[in-house]
Amino acid sequence: MKVEFNKDEEIVKLIKEGLERNDGFCPCKRLKVPENKCMCKEFREQIKDPNYEGYCHCMLYYKYK
Ligand code: SF4
C-alpha cells in the first residue's frame, strides 16, 4: 500500500490553496466538521481498505493497493 500526491502538480497546488483558505478542512466538502479535516475520515477509511485503489474525493492524493 502506498499513498502519494496526485502527479498533476496544478491540481495539488489548487487543492492545497483551497485547504489553506478553508482552515485545513476539505475544500470539496460542504461542512467544516472534524471528519472533514484533511486527511478526511472518508479517505482514511479508503486507505484502510485493501481493495481500494484511487484518488481521494478531491484528487489531492492517490492510494495504490
Ligand atoms: S484527503 Fe482529499 S478528500 Fe479528504 S480532505 Fe484531504 S483533500 Fe479532501
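Hydrogens, waters and symmetry mates are skipped; everything else that's a heavy atom, side chains included, is used. When a ligand or atom number is given, it counts from 1 through the structure's own listing order.
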So which atom in Ile11 and which in Met59 form the shortest heavy-atom distance, rounded to 0.1 Å?
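In terms of heavy atoms, the two residues are closest at CG2-O, 3.6 Å.
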Mind listing the closest non-hydrogen atom pair of Ile15 and Cys58 along with its distance?
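Minimum heavy-atom separation between Ile15 and Cys58: CD1-O, 3.6 Å.
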Within the side chain of Lys63, is there an N or O that forms a donor-acceptor pair under 3.5 Å with the backbone of Tyr52?
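Yes, Lys63 side chain to Tyr52 backbone: donor-acceptor pair under 3.5 Å.
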Before you tell me yes or no, could you show the steps for Glu9 and Lys13 under salt bridge (charged side-chain N to carboxylate O under 4.0 Å, His left out), namely the whole-Å CA-CA distance, both residues' side-chain angles and the distance that decides it to 0.1 Å?
CA-CA 6 Å; Glu9 289 175 14; Lys13 188 170 163 272; over 6 Å; no
Parallel, tilted or perpendicular: which fits the ring planes of Tyr61 and Phe5, with parallel below 30° and perpendicular above 60°?
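Answer is parallel, since the angle falls under 30°.
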Taking 2.8 Å as the upper limit, name the protein N, O or S atoms near atom 2 (Fe) of ligand 1.
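The answer, once waters are left aside, is Cys56 SG.
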Take the SG atom of Cys26, take the SG atom of Cys40, and say whether they are under 2.5 Å apart.
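Judged by the SG atoms alone, which are 2.5 Å or more apart, Cys40 and Cys26 are not bridged.
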